[in-house]
Amino acid sequence: MFDLNRLNPQQREAVTHTDGPLLLLAGAGSGKTRVITCRIVYLLQQCGVPAEQLLAVTFTNKAAREMRARVEEMVGRRAAKGMVIATFHALCVRLLKSHIERLGYKKNFSIYPAADQQRLIRDLLREEVADAGANDAEQVLWRISEAKNRLLTADNYQANSRDPLSCLVALVYPRYQKALKAFNAVDFDDLLLLGVHLLERHPELLQHYQQQFRYQMVDEYQDTNPVQYRLLKLLAGGHGNLCVVGDDDQSIYAWRGADIANILDFEKDFPGTRMIKLEQNYRSSGQILSAANAVIQHNRKRRDKALWTTAGEGSPVEYLLAEDDEDEARLVMERIHVERFRRQLNYGDFAVLYRTNSQSRAFEEQLRYENIPYVLIGGQQFFDRKEVKDVIAYLRVLVNPLDEVNLLRILNYPKRGIGETSVDKIIRYSADRSIALWSVLKEVSQVPELNERTSEAVNGFVGLLERYRKRFQQPLYLVETLRALLAELKLAEEIYRQEKDLTAARRRIENQDQVSNAMSAYLDREPQPSLAGFLEKVSLLDDERPGRNDKEKKLAADAVTLMSLHSSKGLEFPVVFLVGMEEGYLPHKKTIDETFDVDEERRLCYVGMTRAEKQLMLLGARQRRKYGKLEQREPSRFLSEIPETLLLRNKSGGTEQSTAEQQEQSASQFFSGISQLLEDS
DNA sequence: GGGTCACCAGTTTTT
DNA sequence: CTGGTGACCC
């Protein structure tokens with residue numbers, strides 16, 4: 001149970017407003033998660049809504065997990081059972097698992113991650129343009145994704161004759177979609193788009209889900225794109241019991257299709273909306289909030305609101321101007337030492353936030369030099385690593401033999417004597433006759449021009465897969481079967497052969513073992529496990545891989561956090577260093593040049609500032625090494641948007657370089673003084 | 001099939 | 001300056 005009286009008036013109103021559309025404008029640190037979970041508990045306990053009728057949608061698995069955990073904490077596991085808390089993508093996978101056959105796919109469809117998509121597009125592109133590179137594929141893919149996010153199907157895509165890339169897209173998009181279907185595969189954007197198609201084309205399904213999910217909630221609503229919006233509009237149609245929570249000031253994903261208009265125009269889209277603003281902040285001290293408010297108020301198109309706190313003024317926001325990037329990192333280290341001692345803090349209480357990941361380098365070097373533990377968030381994802389993808393590719397083909405991208409990936413890996421020319425012949429045979437590649441492999445003796453040895457190798461490969469497909473039917477022995485497969489494939493030996501660096505080789509083998517560990521964790525958690533189920537979790541990145549629980553990990557490691565401003569959304573730290581406060585970085589030059597969207601950069605700055613609880617330090621450099629040459633830098637315009645009274649400008653960093661400069665400065669003052677004297681006399 | 005070299009581009013990221 | 005890609009050669 002929970003006590004309504006422990007909520008502030010706005011929070012209480014949000015929790016008890018149950019029916020009809022509700023827009024919650026939840027400022028940074030306003031206790032948003034608490035309100036959502038309390039509202040769920042209120043619906044369950046006070047209104048007696050059955051758990052199965054509750055739907056909560058988030059953007060990340062982490063958010064979904066946390067929300068479920070907090071609800072379970074309050075009402076118990078049993079009472080929360082049946083409630084659907086999922087990401088947009090996971091929700092759509094659920095819909096598609098049951099009904100995708102109505103759209104012409106099979107139940108065991110594969111979900112293609114970006115790398116697989118790109119590979120497929122690159123191959124298709126090469127059929128059109130001989131010298132198409134990986135870069136072109138990436139751009140085409142980007143456009144296709146953009147189109148899908150805007151509900152534009154391959155049939156409806158219109159090329160713009162003035163835009164050569166769009167012409168290429170118009171050519172490749174339909175072929176790409178056809179290939180995916182032939183491979184019984186969908187990409188991430190399809191999950192949402194097909195989900196929408198399903199509901200649009202099958203009114204009885206739509207009605208079923210509208211009735212099932214009688215109360216719906218969406219977190220981070222400012223990040224929704226047009227497909228997601230359509231999906232919500234469909235699902236909430238009828239009863240309109242949709243509660244969206246978000247903050248237009250924290251909309252920082254326009255570049256991947258998020259439409260801020262969704263939150264700005266919510267009342268128009270859902271007549272009868274009740275709007276509640278949560279402006280009381282429970283995170284940051286007064287001066288930090290005032291400075292952040294001052295910056296964000298320079299945005300024109302926004303819901304008027306301002307965060308306030310009863311926590312007191314706290315420490316002033318500081319601005320430290322460093323000489324160069326190295327000096328910037330040194331200044332941060334210096335302050336970490338000072339504040340850690342002064343405030344009795346741990347390393348884990350500090351975060352360094354930057355606009356681009358490449359900015360992390362100087363800080364990593366300095367932290368290593370000073371022997372300070374740190375965690376770097378971002379960078380290569382576990383399931384993006386080649387050796388991991390190899391293992392996953394086997395599993396995908398075992399579940400869905402039509403998955404050609406992955407079939408080709410493993411056909412001759414590890415090497416089993418099926419060379420490139422043989423593969424080409426097999427592919428041509430398959431394409432000419434429109435027979436699935438897998439079927440060709442099963443009847444490989446039909447393919448002419450293949451020598452005995454190659455045919456035997458193919459038969460061995462097919463036999464291996466069929467053997468393991470059977471073994472993987474036993475859900476209780478998934479891990480054992482996977483280990484046996486890895487052993488039989490001798491992947492470790494293959495890695496040792498390829499990788500000269502012994503440590504690197506061991507690490508890659510370790511990564512492969514982690515797949516079995518992830519599977520084992522999945523088995524522990526899942527009441528009805530299956531290989532397909534495991535792959536689904538992997539595809540949605542909803543995995544249990546070691547190091548996933550970053551909160552625990554961070555506590556154990558007690559390390560300074562380094563991450564991009566984008567990744568920092570939703571987090572908080574006692575002390576935040578917002579670095580690279582320079583024109584070109586924040587706001588980023590590319591954004592200004594290409595989309596002119598300074599407002600989004602300002603929101604990014606705002607997100608960074610509002611991560612800080614006790615102390616916020618803004619840093620920038622006078623000059624910076626970029627692409628090998630030294631560049632003069634200008635302070636960010638956002639700095640001048642903070643009133644002088646709220647910004648403590650800290651001129652001298654106290655490092656050797658700035659001291660040297662000070663000496664130089666006083667020396668020149670001395671000489672000018674002397675010459676003045678001489679002139680006077 | 002693997003290794004080397006030249007060339008090019010260089011924000012942000014989840015699912 | 002880096003890292004990634006593709007062409008070319010052994």
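Quick note on labels: first sequence line is chain A, next is B, and so on, each numbered from 1. All values reported here derive from a predicted model rather than from experimental measurement.
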Rounded off to whole Å, could you give me the [atom1]-to-[atom2] distance for the [X] and [N] pair?
| X | N | atom1 | atom2 | answer |
| --- | --- | --- | --- | --- |
| L125(A) | dG6(C) | CG | C1' | 15 Å |
| Q139(A) | dG4(C) | CD | P | 18 Å |
| L141(A) | dT14(B) | CG | P | 16 Å |
| K629(A) | dT2(C) | NZ | C1' | 14 Å |
| D116(A) | dT15(B) | CG | C1' | 14 Å |
| E494(A) | dG1(B) | CD | C1' | 11 Å |
| Q117(A) | dT14(B) | CD | P | 15 Å |
| K537(A) | dT14(B) | NZ | C1' | 16 Å |

With a 4.0 Å cut-off on heavy atoms, is [X] in touch with a base, just the backbone sugar-phosphate, or nothing at all?
| X | answer |
| --- | --- |
| K589(A) | nothing |
| R603(A) | nothing |
| F59(A) | sugar-phosphate |
| N412(A) | sugar-phosphate |

**Fill in**
Going 5' to 3' through nucleotides 8-13 of chain B and flagging B where a protein heavy-atom sits under 4.0 Å of the base, S where only the sugar-phosphate is that close, and - otherwise, we get -SBBBB
**Request:** Provide the full list of salt bridge (Lys or Arg N to Asp or Glu O under 4.0 Å) pairs with a residue in residues 135-144 of chain A, sequence neighbours left out, each pair given once.
**Result:** R143(A)-D163(A)
**Item:** Euclidean distance for C1', dG3(C) against dT14(B) (whole angstrom)
**Value:**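 Roughly 24 Å separates the two C1' atoms.
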**Message:** Restricting to non-hydrogen atoms, name the atom on L395(A) and the atom on M519(A) that form the minimum distance, rounded to 0.1 Å.
**Reply:**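 That closest heavy-atom pairing would be CD1-CE, 4.2 Å.
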**D190(A) side chain vs L194(A) backbone, donor-acceptor pair below 3.5 Å** =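 Side chain of D190(A) to backbone of L194(A): no pair is present.
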**Message:** Surrounding CZ of R368(A) (heavy atoms of other residues, nucleotides or ligands, distance under 6.0 Å), is the total greater than 12?
**Reply:**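 Yes, because the 6.0 Å sphere around CZ of R368(A) holds more than 12 heavy atoms from other groups.
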**Item:** Check: D324(A)/Q623(A) side-chain N/O donor and acceptor closer than 3.5 Å
**Value:** no
**Item:** Donor-acceptor pair between N406(A) and D116(A) side chains, under 3.5 angstrom
**Value:** yes
**Message:** Test of understanding: with ring pair (Phe, Tyr, Trp, His ring centres under 6.0 Å), list the residues that count as partners of H588(A), not counting sequence neighbours.
**Reply:** none
